[in-house]
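These notes are about the structure you will find just below.
None of these values were measured; they are calculated from a predicted model.
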Amino acid sequence: LELPRRYKHHIKIPNKMATDGITSTYQTCLSDLTALSINGTTTPTTDALLLCISNKFDAANTGTENSIDTFFLLYAASLVFFMQTGFAMISAGCVRINNVQNTLLKNLLDACGAAFGWYTVGYAFAYGRDPDETATTFIGNNDFVLMGVENDSFWLFQFAFAATSATIVAGALAERCQMTAYLAYSVVLSAFVYPVVVHAIWSPTGFLNHSNLNPLFGSGMIDFAGGAVVHITGGTTALIAAIILGSRTMRFYDLAGRLLDEPTEMPGHSLSLQCLGTFILWFGWYGFNAGSIIYITEDDNYLVASHVAINTTLAASAGCITALFLSTYISERLTGEVSFNLQYTMNGCLSGLVAITPACAVVDNWASIVIGLVAGALYLGGSKLIVKRRIDDAVDAIPVHMAGGIWGCISVGLFADPTWVNIIFHKSTHVGWFYSWGRGSADGTLLACQLIGILFVVGWVMVTMIPFFSLLHWFGFLRADSLEEIVGLDIGYTGGKAALHTSSGELETIDEYLQEYEQRKRERAYVFANRKSLLTPIPASSVHNPSMHGHSYHGRKVITPTMINSLDASSSSQIGAKNKNSTHSMDGSGRIDKSDTAKSETSVHSLRL
């Protein structure tokens, strides 16, 4: 047949030489079946030939589908991991300029720590296969260090999710947390805390899994892309860590420990980085949500992936607009002036993305808009609430991820559409409460499962992470030294020499703190050189909540008078003048401690390390 001219340039017609040596499926089957005959020359029957050809085509089709699924999952994993860039940009933009290098380094450590935790035991605890596939288990027990893992692309996709959960916590602890603590919590979270949540909700043998052979209440929990698994886990961890760690110096208390009339605003140094990070996260969220379909070639999954992407877009847009106009309206009512707040707008967008995550595949388009609208309003309320409770969150990770994740899981129990639930899970006995009313039953089983799932995740994280962060604090590994907070963690940890800038009236004596910090470095060097002669150090409790453990001794050690006398005269006079003239001796919570001068009549009484 003669092809239309417009199609000819799209088709490459092979010539005879190009097809020489190529054996067709028919010829291969004919040759194989003939060779297997009794005398090796008998021509096979037509039925045998058709069966052989059919089997080969099926095998080729299966191989093609597996290749497409693998590429789809690797691409989705790349998008999710690229979200680490978004988190890093937002965190770097939200901190002051003298903490940028330290913040970026800690975001990088999150991903590295999560990789080792997920590789060694995390994946095994989450998805380790149990010999009895009908049993409901608390934790997995196979596939450690990738032994026995059959689908490496699935492992990588799930690692990207584990790293995301760990990174959520990073921004909430910015400007005051030690490097050791970041690496420690990222490993613990990705190796044990997070995998237990994954196993309960996503593993077929988890007690909350919707596809469990014996699901909770005959329904189980629906969390399609990780609203509870990733965001509630990360948000709750951030809340616990922020409470135990305490607020940044001068955020809610002055240097004397007195509560400020109004919290000090500590704006980040770059709204441009924050906006860039928001767009990167929105972009990566398409892999986060749509990629959770896992097998794009199975049944109607390609339709589900497209539906998920649309819902993700609508919810993000609704959350963004709600936060913008609601914050503007509140500002106008309080001040009489119209003010459009970019930071609230960006976080409202992220709240919409978080809220649609568990519901993105099972709700209709109109419901995704409603979910985003409510998420934007909840974010604003949550942001004001944590400030009122004097919980310091530099990037508002707690209201975005914890509040947004909780609302998203509840919304599944309200808006889950029977049509989409049936397409994904092949059953729709228990659906959203509003749709149940339409059926005339008012069945709230799915909503009850969603609430139980939320309580389980929050409870599990509290049981594990409160003791973990408390121990880190008690032994002095969590909170950075107060003086290092003032001069900036870039100088204290990474050796950075970033410019120091302050707002009007804030820390006007920054040069004095820098001089004290340089003096402390010299003291540290001396004590290290003479460490064999020092007394046993005081246990360094860096807990910054006086109601829990009283005063902090973080960063301090005691030395003997003989060691003080061994200092050279010039060093002693410098230290003595410093202690005599300066009242900026600070405890670990960023408050002035004037007791050091009163405890001794000598100018040189201790060395603060």
Side-chain angles (χ1 to χ4, degrees), residues 76 79-80 83 86-87 90 161 164 168 222-232 234-235 275 277-293 303-327 344-383 396-397 399-417 419-421 424 431-435 446-447 450 454:
L79 289 179
V80 176
M83 293 172 70
F87 284 114
I90 289 178
F161 274 63
T164 300
I168 290 171
I222 295 178
D223 183 9
F224 183 77
V229 173
V230 177
H231 296 288
I232 296 181
C275 192
T278 301
F279 274 115
I280 290 175
L281 287 180
W282 191 345
F283 174 71
W285 230 289
Y286 291 114
F288 199 96
N289 286 357
S292 295
I293 198 66
L303 296 175
V304 176
S306 302
H307 178 70
V308 166
I310 292 174
N311 282 347
T312 301
T313 303
L314 294 175
S317 303
C320 181
I321 293 172
T322 301
L324 171 63
F325 286 102
L326 187 58
S327 63
Y344 283 153
T345 306
M346 293 185 294
N347 284 333
C349 175
L350 296 179
S351 296
L353 289 167
V354 171
I356 197 59
T357 297
C360 56
V362 296
V363 299
D364 212 347
N365 300 142
W366 65 267
S368 66
I369 297 175
V370 175
I371 292 171
L373 292 173
V374 176
L378 284 176
Y379 157 70
L380 286 177
S383 179
D396 269 352
V400 168
H401 295 279
M402 186 177 181
I406 290 174
W407 160 239
C409 290
I410 293 174
S411 69
V412 174
L414 299 176
F415 301 112
D417 190 319
T419 302
W420 290 106
V421 172
I424 299 170
V431 294
W433 192 54
F434 294 149
Y435 286 93
L446 180 59
L447 179 59
Q450 299 297 116
I454 293 169

I'd like to check [X] versus [Y] (side-chain heavy atoms, cut-off strictly below 4.5 Å). Are they in contact?
{"X": "D223", "Y": "V412", "answer": "no"}
{"X": "L414", "Y": "L447", "answer": "yes"}
{"X": "C409", "Y": "I232", "answer": "yes"}
{"X": "F224", "Y": "I293", "answer": "yes"}
{"X": "I280", "Y": "I90", "answer": "no"}

Are any side-chain N or O atoms of [X] and backbone N or O atoms of [Y], one a donor and one an acceptor, separated by less than 3.5 Å?
{"X": "H307", "Y": "V363", "result": "yes"}
{"X": "D417", "Y": "T419", "result": "yes"}
{"X": "T312", "Y": "V308", "result": "yes"}
{"X": "W407", "Y": "I371", "result": "yes"}
{"X": "N289", "Y": "C360", "result": "no"}
{"X": "T322", "Y": "G319", "result": "no"}

Worksheet item: Does the side chain of T357 come under 3.5 Å of the side chain of W285 through a donor N or O and an acceptor N or O?
Response: yes

[X] and [Y]: which non-hydrogen atoms are nearest, and at how many Å?
{"X": "G413", "Y": "L446", "result": "CA-CG, 4.2 Å"}
{"X": "T278", "Y": "C349", "result": "CG2-SG, 4.4 Å"}
{"X": "T313", "Y": "S317", "result": "O-OG, 2.9 Å"}
{"X": "A416", "Y": "V431", "result": "O-CB, 3.7 Å"}
{"X": "A316", "Y": "L353", "result": "CB-CD2, 3.5 Å"}
{"X": "I356", "Y": "A315", "result": "CB-CB, 3.5 Å"}

Item to complete: Look at the aromatic rings of Y379 and Y344 and report parallel, tilted or perpendicular, splitting at 30° and 60°.
Response: perpendicular

Fill in: Aromatic ring pairing F415/W366, orientation class (parallel under 30°, perpendicular over 60°, tilted between)
perpendicular

How many angstroms lie between [atom1] in [X] and [atom2] in [Y], if you round to the nearest 0.5 Å?
{"X": "H401", "Y": "N347", "atom1": "NE2", "atom2": "CG", "answer": "8.5 Å"}
{"X": "I454", "Y": "I410", "atom1": "CD1", "atom2": "CD1", "answer": "4.5 Å"}
{"X": "D396", "Y": "S383", "atom1": "CG", "atom2": "OG", "answer": "3.5 Å"}
{"X": "L303", "Y": "W420", "atom1": "CG", "atom2": "CH2", "answer": "6.5 Å"}
{"X": "L378", "Y": "I406", "atom1": "CG", "atom2": "CD1", "answer": "9.5 Å"}
{"X": "C320", "Y": "L373", "atom1": "SG", "atom2": "CG", "answer": "11.5 Å"}

Item to complete: Before giving the answer on side chain to side chain contact (heavy atoms under 4.5 Å, CB included), spell out for L281 and M83 the whole-Å C-alpha distance, their side-chain angles and the decisive distance to 0.1 Å.
Response: CA-CA 5 Å; L281 287 180; M83 293 172 70; 3.8 Å; yes

Discussion item. Using the rule given for side chain to side chain contact (heavy atoms under 4.5 Å, CB included), can you reason through V230 versus I168, listing the C-alpha separation, both sets of side-chain angles and the distance that settles it, and then say yes or no?
Written reply: CA-CA 9 Å; V230 177; I168 290 171; 4.2 Å; yes

